[in-house]
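All remarks here apply to the structure that follows.
Predicted, not measured: the structure shown is a model, and the values here were computed from it. Chain identifiers are assigned alphabetically (A, B, ...) following the order of the sequence lines, protein sequences preceding nucleic acid strands; residue numbering begins at 1 within each chain.
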Amino acid sequence: MLWSKLFIPTLRENPAEAEVASHRLLLRAGYIRQLSAGIYNYLFLAQRSILKITNIVRQEMDAIGAQEFYLPALNPSEVWKESGRWDVMGDNMFRLKDRFGRDLCLGMTHEEVMTSIARGEVRSYKQLPQIWYQIQVKFRDEPRPKSGLLRTRQFTMKDSYSFDMDAAGLDVSYEKHRQAYCCIFDRCGLRYMTVEADSGAMGGSQSHEFMVESEAGEDYVVHCPATGYAANLEKAVSRAVAPAMADPEGDLTPEEFHTPGFKTIDEVSAFTKLPASSQMKSLVMVGDGKPVLALLRGDHQLSETKLAGVMGAAEVRAALPAEIQDWFGAAPGSLGPIGIPIKMRIVLDKALEGRRNMICGANKDDFHLRNVTPGKDFKADYHELRQVAAGDTSVDTGDPLQIVKTVEIGHIFKLGYKYSKAMGLSVLDESGKENTVIMGSYGIGVERILCAAVELFHDGNGMSLPASIAPFTVVVTPVNVKDAALAEAAQKLYTECKAAGMDAVLDDRDERPGVKFKDAELVGIPWRITVGKKLAQGIVEVVERRTGKLTEVPVGEAVGFVLAAL
RNA sequence: CGGGCUGUGGCGCAGCCUGGUAGCGCGCUUGCUUGGGGUGCAAGAGGUCGCGAGUUCGAAUCUCGCCAGCCCGACCA
């Protein structure tokens, strides 16, 4: 292709509205333009890159025996009502009515539709397992679209669904996906981590996320370089740093003391001259409408996800001040596990196991208790409730943990029977008995692969995409198109590149060399063959975008040089 | 949904406080020039100043309402 004929609207200056690197550079390099909040036009370069990504995805999915479908984005409400998600999805779902007033929505994901196909057609164990996938558009009315293509309201997803007879079959389908995803992300040239993820309170037994480390990300991953442990912060476990001070010795009896106006952990800490780790933090939470008191070490944070898991609740929230007053007869800041007027479940974080003679609220405004020992002074029910904090170490080895910010590019998930049960998907087994099908679902955010690549690989001059997903592999740049010898040699090199099967572009624009170099670097083409002065000696330059390394090679060897480096 | 910020030619911005004929840089067009890192010169085109009301002789500028976008938070199957 000839650059002079292409629509590649690069910008000299940074667009004002873009902050994160991928957003800024995709705009500047002329890949995308915004249509509305969270809705983007993909121009020529973006579309080229996305097609390369989806081809890789398609090849690897096909390689595990998955079959490509293409389902409607426009969905009737019925299937969503069957699964219960018509209500669950709330405002995140785009909804509309047809001319007869029937409810429709734009699909956010396709478990329901895939399940509806399977239940209508799949009747026998002989037809299983199946893996069906599609590469298709998804719609989610995000509360806050942000960061360019990282969080949008319309995006492309590769979503697949597996159908198996039993858990062992699901294990196989799941493992196939895990490996396919690794192949996909490897081929896309990404550095990523596979991490354990929270599988929710609803029966999902296992889940992994594929994460790329980036400041632009929205998820936190706990990672142990020494042991290789990696988990989403929501799910991660760790060994906490020891309490700052040992507990008082002996079987002491709880004793009330006056703490006028001291409510927070820090205030009580300053007042008692004891570290936060000597206190028990009392958090009143509500899970699916039921109150619970969660106790943690004063310097620890509650993980709401873990608490939800312990309670088996779909959703947890902090109790409102009025609810707390009603249940405890005291205000937040003086709460504790002893003498609660109503019956309420109390759960303790495991970091409190073995602790004694601690400080907590007395359920009486402006009073606290000292010498409170879990298990002795109240019934202790220990669970993993704490969020991993900076400085924590590996549970197994005590090696240091890191907490890193990441972008989620893929997620694989054992669904279990959630949809097959709700929607009645079963087959006859060998003995002629009905067997509910077990399912898995697996997603890849296609645009996020592009974003993650830009986040990982960019510098002051622009992006530097992996050759496998760059819109072009090589650009041939004659330094001066008015010089017939240069123009002719460049044209010839370009033709050779094409003949060698490379995605090449000839920068035949009548521009100064600086302009062409800048554009090629901004757009992120991995290789450039520069045809300039030294052509007289039969020499051209091959420049690698990522390293900036320049090699002078004879004209006849330039194409081979690039090919060999790919 | 709460908090903050911003809307002025395609892009980046000034002008607004203190009301009086809309400006700069880049880009674009034409001509010349230059030809190894966004060349230089000259001449042009392009804007109902986000929308609507109000105040005023007069509003980009002041007041009110609305809309849109960005950032932080809440939220994120």
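Of the residues near RNA chain B, A:Gly38 and A:Thr10, the one whose nearest nucleotide (by heavy atom distance) lies more toward the 5' end is A:Thr10. Along RNA chain B, the nucleotide nearest A:Glu541 and the nucleotide nearest A:Glu142 are compared for position; the residue whose nucleotide lies closer to the 5' end is A:Glu541.
The partner of B:G23 is B:C13, by the rule that a Watson-Crick or G-U pair needs both atom distances under 3.5 Å. The base-pairing partner of B:U48, taking Watson-Crick or G-U wobble contacts with both distances under 3.5 Å, does not exist among the strands shown. The partner of B:A42 is B:U30, judged by Watson-Crick or G-U wobble contacts that both fall below 3.5 Å. Taking a pair to require two hydrogen-bonding distances under 3.5 Å in either a Watson-Crick or a G-U wobble arrangement, B:G69 pairs with B:C5.
Nucleic acid contact class of A:Arg24 (heavy atoms, under 4.0 Å, all strands): none. Nucleic acid contact for A:Asp510: base, since at least one base atom lies under 4.0 Å from a heavy atom of the residue. Within 4.0 Å (heavy atoms only), A:Val88 reaches no atom of the nucleic acid at all. At the heavy-atom level, A:Ser147 lies under 4.0 Å from the strands shown only through sugar-phosphate atoms. Among the atoms of the strands shown, none is found under 4.0 Å from any heavy atom of A:Glu234. Nucleic acid contact class of A:Arg317 (heavy atoms, under 4.0 Å, all strands): none. Among the protein residues, A:Asp91 comes within range of no part of the nucleic acid, since none of its heavy atoms lies under 4.0 Å from any strand. Using a 4.0 Å heavy-atom cutoff across all strands shown, A:Arg85 reaches sugar-phosphate atoms only and no base atom.
Straight-line distance between the C1' atoms of B:G27 and B:U39: roughly 16 Å, to the nearest whole Å. With both ends at atom C1', the span from B:U55 to B:U63 equals 7 Å, rounded to whole Å. Going from the P atom of B:A42 to that of B:C67 covers 48 Å, rounded to whole Å. Between the C1' atoms of B:U33 and B:G20, the separation comes to 43 Å (whole Å). Between B:G40 and B:U21, the two P atoms lie 34 Å apart (nearest whole Å). Comparing B:C13 with B:C1, their C1' atoms sit 33 Å apart, to the nearest whole Å. One P atom belongs to B:C24, the other to B:C71, and the distance between them is 32 Å to the nearest Å. Spacing of C1' atoms, B:G23 relative to B:U61, comes out at 15 Å, to the nearest Å.
An OP1 or OP2 oxygen of B:G36 is reached within less than 4.0 angstrom by no side-chain nitrogen or oxygen of A:Thr530. Note on A:Arg12: a side-chain N or O is less than 4.0 Å away from OP1 or OP2 of B:G27. Between A:Lys533 and B:G36, a side-chain N or O to OP1/OP2 separation shorter than 4.0 Å is present. Between A:Gln34 and B:C70, a side-chain N or O to OP1/OP2 separation shorter than 4.0 Å is present. Between A:Arg144 and B:A74 there is no side-chain N or O to OP1 or OP2 distance below 4.0 Å.
A donor-acceptor contact under 3.5 Å is not formed by the side chain of A:Glu13 with the base of B:G27. Judged by distance alone with a 3.5 Å cut-off, no donor-acceptor contact links the side chain of A:Glu511 to the base of B:G35. In the interface, the side chain of A:Lys482 is paired with the base of B:G35 through a donor and an acceptor atom under 3.5 Å apart.
For NZ of A:Lys405, the number of neighbouring non-hydrogen atoms (other residues, nucleotides, ligands) closer than 6.0 Å is greater than 12. Annotation: A:Glu215, atom CD; neighbour count of heavy atoms from other residues, nucleotides and ligands within 6.0 Å does not exceed 12.
With a 6.0 Å cutoff to the six-membered ring centre and a 45° limit on the axis angle, A:Arg33 does not count as a cation-pi contact of A:Tyr40. Within the cation-pi definition used here (under 6.0 Å to the ring centroid, within 45° of the axis), A:Lys138 does not qualify as a partner of A:Phe155. Taking the centre and axis of the six-membered ring of A:Phe517, the NZ or CZ atom of A:Arg528 falls inside the cone set by 45° and 6.0 Å.
B:C70 atom P lies 6 Å from atom OH of A:Tyr40, rounded to whole Å. Summarising the geometry, the separation between CE on A:Met93 and P on B:C76 is reported as 15 Å, rounded to the nearest angstrom. Here B:G36 presents its P atom at 10 Å from CG of A:Asp483, a figure rounded to the nearest Å. Taking atom CG of A:Leu535 as the reference point, atom C1' of B:G36 lies 14 Å away to the nearest angstrom. Rounded to whole Å, the distance from CE on A:Met89 to P on B:C75 is 17 Å. If you measure from atom NE2 of A:His23 to atom P of B:C11, you get 13 Å, rounded to the nearest angstrom. Separating the CG atom of A:Leu11 from the C1' atom of B:C11 is a distance of 6 Å, rounded to the nearest angstrom. For A:Ile8 and B:G27, the CD1 to C1' distance is 17 Å, given to the nearest whole Å.
Set against B:C71, B:G37, B:G35, the side chain of A:Lys146 has B:C71 as its closest nucleotide. Taking every side-chain heavy atom of A:Leu550 into account, B:G36 is the closest of B:G36, B:G38, B:C13. Nearest nucleotide to the A:Val515 side chain, out of B:G37, B:G38, B:G12: B:G38. Set against B:U39, B:G69, B:C75, the side chain of A:Pro143 has B:C75 as its closest nucleotide. Which of B:G36, B:G38, B:G69 sits closest to the side chain of A:Ser36 comes down to B:G69. When distances run from any side-chain atom of A:Pro15 to the nucleotides B:U34, B:G36, B:G12, the shortest one goes to B:G12. Among the nucleotides B:G69, B:C76, B:G38, the one closest to any side-chain atom of A:Arg151 is B:C76. In this structure, of B:G35, B:C71, B:G12, it is B:C71 that holds the atom nearest to the side chain of A:Glu19.
Under the 4.5 Å side-chain criterion, counting only non-hydrogen atoms from C-beta, A:Val407 is in contact with A:Arg448.
Residues A:Glu544 and A:Thr547 bring a donor and an acceptor atom of their side chains to less than 3.5 Å of each other. Of the N and O atoms on the side chains of A:Trp80 and A:Glu78, not one donor lies less than 3.5 Å from an acceptor on the other residue.
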Going through the distances and angles, do A:Ile444 and A:His411 end up as a side chain to side chain contact (heavy atoms under 4.5 Å, CB included)? CA-CA 7 Å; A:Ile444 288 180; A:His411 196 164; over 6 Å; no
